[in-house]
There are 2 protein chains.
Amino acid sequence: MGSGGFSFTVLGGVPGGPRWGRLVTPHGEVDTPAFMPVGTQAAVKALDPAEVAAAGTRMVLCNTYHLFLRPGPEVVAAAGGLHRFMGWPGPILTDSGGFQVMSLRPLSRVEEEGVRFRSHLDGSERMLTPELSVAVQEALGADIIVPLDHCLPYPSDPLALADAAERTLRWAKRSLEARTRGDQAMFAVVQGGHDPALRAEMVRALSTLGFDGYAIGGLMVGESKGLMYRVLEQVAPLLPEGSPRYLMGVGSPDDLVESVVRGMDLFDCVLPTRLARHGTLLTGRGPVVLRNARWAREFGPPDPGCPCPVCGRFSTAYLRHLFKAGEPLGPRLASLHNLYFIQGLMSRLRAALESGGLEALRREVGRVYGPRPGASAATGSERPRQEGFGPRASNLCQESRSGTPGQKRRNADACTHAGSSGW
Amino acid sequence: MGSGGFSFTVLGGVPGGPRWGRLVTPHGEVDTPAFMPVGTQAAVKALDPAEVAAAGTRMVLCNTYHLFLRPGPEVVAAAGGLHRFMGWPGPILTDSGGFQVMSLRPLSRVEEEGVRFRSHLDGSERMLTPELSVAVQEALGADIIVPLDHCLPYPSDPLALADAAERTLRWAKRSLEARTRGDQAMFAVVQGGHDPALRAEMVRALSTLGFDGYAIGGLMVGESKGLMYRVLEQVAPLLPEGSPRYLMGVGSPDDLVESVVRGMDLFDCVLPTRLARHGTLLTGRGPVVLRNARWAREFGPPDPGCPCPVCGRFSTAYLRHLFKAGEPLGPRLASLHNLYFIQGLMSRLRAALESGGLEALRREVGRVYGPRPGASAATGSERPRQEGFGPRASNLCQESRSGTPGQKRRNADACTHAGSSGW
C-alpha cells in the first residue's frame, strides 16, 4: 500500500546521528527535528489551534484510544475527518491507542488477537486489535498512523520483552495488511526494551516490511535518562537512513536536545502543556513554579526576551495570581508560553544543526535543565527531584498499573506516553 | 473632589428614556449603552484581554472584594494599578465589594460603621467600611469607583429597605469625603427596593451630593422581570439627565434590551461567560445547550452568520465534544462566542437607537429570549424554566444566604451580582 503525498528528505547531518530534514505530508510540510504537542481528545489542552500554530507547531498528535471512545471515529469521519473536526489544517499523527489501553492494567489484557480492555468512561468491555486500530485511524484520517504495539514498563523480564517485541512485529504485519487508504503514512513501532540484540532484530524485521517511518517505543517507561540515551545510540544507526525516526513521549528540554544529538527527528509529549496546567513555566533561566511566594511581586515578564504573547503582556506576579485564584486564564497563558518555549527550542536546534552550533546549545540547555554536573546520566533516576530539573523515571502510566480504578481512569484521561508525566 | 479626564455626553434619545451617548474616561471612550463583562479576579474568565476587546468590549468590571482579599490592593498598586496588572488598557469599573460581602451572610453583619465579615478564603474576620472600600478602589486604580452600599434581597420588609437605603446614603457621603484621588469618577448606588417613594427620595438626596453617575442597585435580587422594569421606568426620569445610568447585574439578552428601552446606559453581568462555562451558547436562534445529544452530529457553526472566531472555525458538534470530554478549550471558546454575541447585541442596540429601529430589535430579541407571549411580565418569575429563556428570579447570591459555609465560599467566588446567575 502506498503513501501518496508523503515523503521525507534528510537535508544534512551525520549518518545515524544528528540531522535535519523535511517531512512532506498531504496537509503540509514539517521541518525536522520537530516537536508535536499532544491533542489527546482532538484539542491541545486550553489552546486554540491558531495559537498552537503561531507557537511554531507544524504537526500535532492525537490519541486514538480517546477518540475511539469519544466522540467515536464515525462522528469524526462524518465531520470530514480529524483535521476539519478539530480545526487543525496541518499534519496530524495518531497513535495506535495501545499505550493508553495497556496503561489501564489490570483492566486490560494482551492476547494474540489484540488487547481486551474496559473503557475508562463506562466500563464496557472492548477489544482493540491491530485491524481495528488501523480502521479507527483511517476513519480519523490523520496523515501518519501507527500500528498497535505491545509496550512493557521498565524493568521487565527479558523473556517478556522478547515476547512483546515479537508480538509487536506480528501486529505490525497485520496492520500493514489491514490498510485500505493510500494517503496515510504508517510508522512502525520498534520495541525490545533495553536489550540491544532484541532491538536490532526488531529494526531489521520491521525495516524489511517497509514502513514510512520508525517510532521508538518502550522508552520513557521508568528507565534512567542514561539508559534511554544508550538505547537511542544503539538503535539510530540501524534505522533506514532515509526514514523519519520518532521518539515517543519525549519532551523535556534536556531530553529533546540529547535525543536530537542521537539522531531523532520527531517527538511528542504532554509535558509542556501539563507542566503549564500545574503552574510551572519553562523559561531560559529554568522552570518557574508560579505558586512559589517569591514571584508574588515579580512584575517583570516570566521569561525576559521570550517572544510569546504572554511574556510580552503579563507579569510573573499576575500569572501567579491567576493560579492562586484558580482562574482558567492561568493554565491557558502558561500552556501558550510553554509551547512557545519548546517550539523555540526546536527552532534553535534546527538552526544549530545547520550552523554547527549544536554543542553550544546542548551545553546551554544542559546547564539549566540537565542533570547536575558530577551526577552520571545512568544514575539520573535515583537523584532527588531538586537536583536538576527532576528525574523522569516514575510516571503516571506506571502508577496507573497499581492505582485504584478511579486513579486509573484519571490517568487514562491524562496519560499519553509514559514518562511524559514524570514531573 | 473633581473627576479629571471623565465626561459623559448624551448624543441623542428621549429624556428619561432610551438614549445613546459617550463616556470618556482616562483610559478611553465608551459608546453607550455598553455592556461590561466581569473580570471578578482581574481576569474575564478563560478569556485573553485581547479577545475581550476584539469582541467589542470597551470597559470591564472587577470585584473589589475579591481583589481586596487576593492578591491584595498593595500588590495591584505595586504592579502599577489594575490596568497594568491585568493587561487591560481600557476603562475599568470596580464595585464596592459590599455586594459580595453581604452575600456571605450569616458570615457578615452590617453595622453603621461598615460590614463585618469573614474572608471566604481563610475565615479571618474583616471589616469593610465605606472609607476602606474607597481606599482599596483608589489603590486598584479603576476609572470608575462605587461607594459601599447596603443591598437587600427581594422580598424585604419596607422598614428594612428604608433603613438600608438611608444607610447607603450616609455611606455615600462618607465615601465622597474619603476620596483622595482626582482622576477617578465615583458613581452613587441608588437603593430603595421596589418602593417608588423611597427610590425617589434616594435619587433626590444622592443627586444633590453630585456624583459622576448613578448605579441602580437592589434589583436582580429575586424580583420578577416585570417588577424590575417598573422600577426602572420610575427611577430613570428622576436621575440627572446628563449622568450615566448603570444597571448592576443585568446581562440576559431580553433584560438588556428592555433596560435600554427604559433609559439605562451601562450594564455588567457574569451571565455570558458563566453560561458559556456551563456549556450554553447564546445564538440568534436562541440558547444552544451543548450537552444536548441533538448537537452530536451538527457540523455547522453554532450561530450561522456570527462573525466571531469560534463560529468561523468550529462546529457545534466539536464544541459539544469538548464539553463532553472536559476539555478546557470548550469553556474558553464558548465564553468567547457568548461575549461576541452580547457585544454584538449592544452594537445593534446602539445602531437601532440612532436609526429608530429599536422596536424591531426589541421584538426580535423578545421572540427568541423573552417571556412567552401571553405570560405577563409581572409573573415572569413564577414561570417554569422551559418557558422562554428562563426566569432570573432565584440566584446564587440568594442561595448563599441559606447555604452551607462551603457553598457560601463557592458562591462568593462565583457571584458578582444577584440574578446574573439565575440560570
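Here is the naming used below: chain letters follow the sequence lines, and residue numbers restart at 1 for every chain.
- Taking non-hydrogen atoms and a 4.5 Å limit, the residue list of residues 289-312 of chain B in contact with chain A, ordered by number, reads B:Ala296, B:Arg297, B:Phe299.
- Taking CE of B:Met86 as the start and CG of A:Leu329 as the end, the distance is 9.0 Å to the nearest 0.5 Å.
- In plain terms, the two heavy atoms of B:Ala43 and A:Tyr318 that are nearest each other are CB-OH, 3.4 Å.
- Note on A:Gly326, A:Pro49, A:Ser315, A:Pro328: by heavy-atom pairs under 4.5 Å with chain B, the leading option is A:Pro328.
- Looking at A:Leu67, only its side chain comes within 4.5 Å of chain B, counting heavy atoms on both sides.
- Of the listed residues B:Ala79, B:Gly80, B:Pro331, B:Ala42, the one with more heavy-atom pairs under 4.5 angstrom with chain A than any other is B:Ala79.
- Around atom CZ of B:Arg84, no more than 12 heavy atoms belonging to other residues, nucleotides or ligands sit under 6.0 Å away.
- Looking only at heavy-atom pairs under 4.5 Å with chain B, the residue among A:Gly87, A:Ala78, A:Ala50 that has the most is A:Ala78.
- Atom CD of B:Gln41 is separated from atom NE2 of A:His321 by 5.5 Å, given to the nearest 0.5 angstrom.
- Looking only at heavy-atom pairs under 4.5 Å with chain A, the residue among B:Val76, B:Leu47, B:Val44, B:Leu69 that has the most is B:Leu47.
- Atoms CZ and CG, from B:Arg332 and A:Asp48 in turn, are 5.0 Å apart once rounded to the nearest 0.5 Å.
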